[in-house]
Every structure is written in structure tokens, then in C-alpha cells.
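The next block holds one structure in the form of C-alpha cells; read it before the comments.
Keep in mind that the numbers below use all heavy atoms, side chains included, and drop hydrogens, waters and symmetry copies.
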Amino acid sequence: HPEDATYPISSVFQEASNDRSAPAEFKLMDCNHLLSSEKTVYERFKLNEKQRPTIFVSGKLGPPKQVPAKHLKTGNMLVKALKNLLEPKAEKIETTQDLRSKCLEKDICGLLLKGGKQSPKYVKDAMAKLLVE
């Protein structure tokens, strides 16, 4: 859209944009726009066009992700959801399933191993197996 164009805008989107505490840059986009692939933005990124407002995040976190409707009731709720989606955070990992879901299945992950006694062989074997997957 041209910079000087005026379009109706969701109050939730506007409130979150005005808040300026979310680690995001807010832009408007015509999701019905036909891309060079002959698909609309909705189709290309598998967005639910029935969900209004249609808000998604893209960038360093991987492919675009639509913000769930439950986070679109107020600008504050949207800001909180964006912070949760975009800001790095520490997660406690206690099981191999935790390691898989909270780290290995993510696009970017860093592990900080707590010092102490030497890990038993079964822990080293489980880590080695998961890293190969």
C-alpha cells in the first residue's frame, strides 16, 4: 500500500503498535494481493482469512505464523503474545521429550548445561541420539 493511503485498521493492531514495547515492527499488508507464484498472501503462508484481524509474524523465527484469535482481544494481549513469540527465553529441560519439543524442534536453540557432577552415560547416550535426529 502507498504510505499516504488510508485504510480501516483494527483497534487491537493500532493499540499494540502505539504501545511500542513489542519487539516487532507493525506494517499493513493486503493479504488478497496476488504474488508472483499466482497465490495470495493468505494462500502462500496458509493464513486463516476468516480470523479477523489477520495478524501474523515473520522474520528470524522461521516461516510466518498467524497470531491465534485468543490473543487478539486487546492491544495489550497482542503485545504480550508478540513478546512471547519473538523474545528469546530460557526453558527448563528435564526430560528428553522436553529437549526435543523446547529445543531440537525449534529453528534456533542454544543449550546451557548446568555444571556439577559428570553426567551418567545414559544421559550422554540420550543426548547423542537426539542430536542425530
Side-chain angles (χ1 to χ4, degrees):
H1 293 300
E3 290 291 322
D4 60 347
T6 57
Y7 298 95
I9 185 168
S10 156
S11 62
V12 171
F13 184 89
Q14 188 65 57
E15 287 170 19
S17 177
N18 291 346
D19 180 279
R20 301 208 187 282
S21 68
E25 191 173 322
F26 291 79
K27 298 288 183 180
L28 289 178
M29 162 182 272
D30 178 2
C31 291
N32 287 310
H33 176 75
L34 204 59
L35 303 169
S36 60
S37 63
E38 299 297 317
K39 292 182 178 181
T40 66
V41 173
Y42 284 119
E43 294 166 337
R44 169 70 178 85
F45 298 118
K46 298 177 178 82
L47 302 174
N48 177 359
E49 61 185 290
K50 291 181 179 158
Q51 179 182 306
R52 298 297 176 157
T54 303
I55 298 177
F56 65 95
V57 294
S58 65
K60 294 179 183 178
L61 65 128
K65 294 179 185 173
Q66 191 162 5
V67 176
K70 66 182 180 182
H71 301 296
L72 303 177
K73 293 183 173 116
T74 68
N76 286 338
M77 290 176 77
L78 176 56
V79 167
K80 185 176 177 183
L82 291 173
K83 286 179 177 179
N84 189 46
L85 279 169
L86 300 172
E87 289 179 344
K89 58 189 168 287
E91 298 273 2
K92 187 172 185 179
I93 295 175
E94 297 181 301
T95 66
T96 54
Q97 182 56 40
D98 284 349
L99 179 62
R100 181 179 285 114
S101 66
K102 295 177 180 177
C103 186
L104 299 179
E105 292 176 353
K106 304 291 182 189
D107 293 325
I108 299 172
C109 173
L111 283 175
L112 174 64
L113 302 176
K114 189 170 124 181
K117 62 184 181 196
Q118 188 170 355
S119 297
K121 184 175 179 343
Y122 71 89
V123 172
K124 291 178 185 176
D125 291 345
M127 287 284 291
K129 182 179 179 222
L130 285 168
L131 290 172
V132 170
E133 290 176 15

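The distance from atom CD of E91 to atom OG of S101, rounded to the nearest 0.5 Å, is 8.5 Å. Interatomic distance, CD of E38 versus CZ of R44, reported as 14.0 Å (0.5 Å rounding). Separating the CD atom in E43 from the CG atom in N32 is a distance of 9.0 Å, to the nearest 0.5 Å. Atom-to-atom distance recorded for K65:NZ and L86:CG is 9.5 Å, nearest 0.5 angstrom. With values rounded to the nearest 0.5 angstrom, E25 atom CD is found 10.5 Å from R20 atom CZ.
Tracing side-chain contacts under 4.5 Å through hydrophobic residues (I, L, V, M, F, W, Y), one reaches L78 starting from L85; they form part of the same cluster. L34 and Y42 are members of different hydrophobic clusters when ILVMFWY side chains are connected at heavy-atom separations under 4.5 Å. Taking hydrophobic clusters as Ile, Leu, Val, Met, Phe, Trp and Tyr residues chained together by side-chain heavy-atom distances below 4.5 Å, L28 does not share a cluster with V79.
Distance alone, capped at 3.5 Å, places no donor-acceptor pair between the S17 side chain and the F13 backbone. Formation of a donor-acceptor pair under 3.5 Å by the Q66 side chain with backbone atoms of F45 is not found in this model.
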Derivation and outcome, side-chain contact (heavy atoms from CB on, under 4.5 Å), residues E49 and T40: CA-CA 11 Å; E49 61 185 290; T40 66; 5.8 Å; no

side-chain contact (heavy atoms from CB on, under 4.5 Å) between F56 and Q51, worked out: CA-CA 11 Å; F56 65 95; Q51 179 182 306; over 6 Å; no

Steps toward side-chain contact (heavy atoms from CB on, under 4.5 Å) verdict (L99, L104): CA-CA 6 Å; L99 179 62; L104 299 179; 4.1 Å; yes

Steps toward side chain to side chain donor-acceptor pair (under 3.5 Å) verdict (S21, D19): CA-CA 6 Å; S21 68; D19 180 279; 2.3 Å; yes

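For K80, the NZ atom sits in a loose shell: 12 or fewer heavy atoms of surrounding residues, nucleotides or ligands are nearer than 6.0 Å.
The minimum heavy-atom distance linking P23 with L82 is given by the pair CG-O, 4.3 Å. Contact detail for G75 and A16: the closest heavy-atom pair is O-CB, 3.8 Å. Across all their heavy atoms, V12 and L72 have their closest contact at CG2-O, 3.2 Å. When all heavy atoms are compared, the tightest approach of C103 to I93 is CB-CD1, 4.4 Å.
Side-chain contact between T54 and N48 is absent, with no heavy-atom pair separated by less than 4.5 Å.
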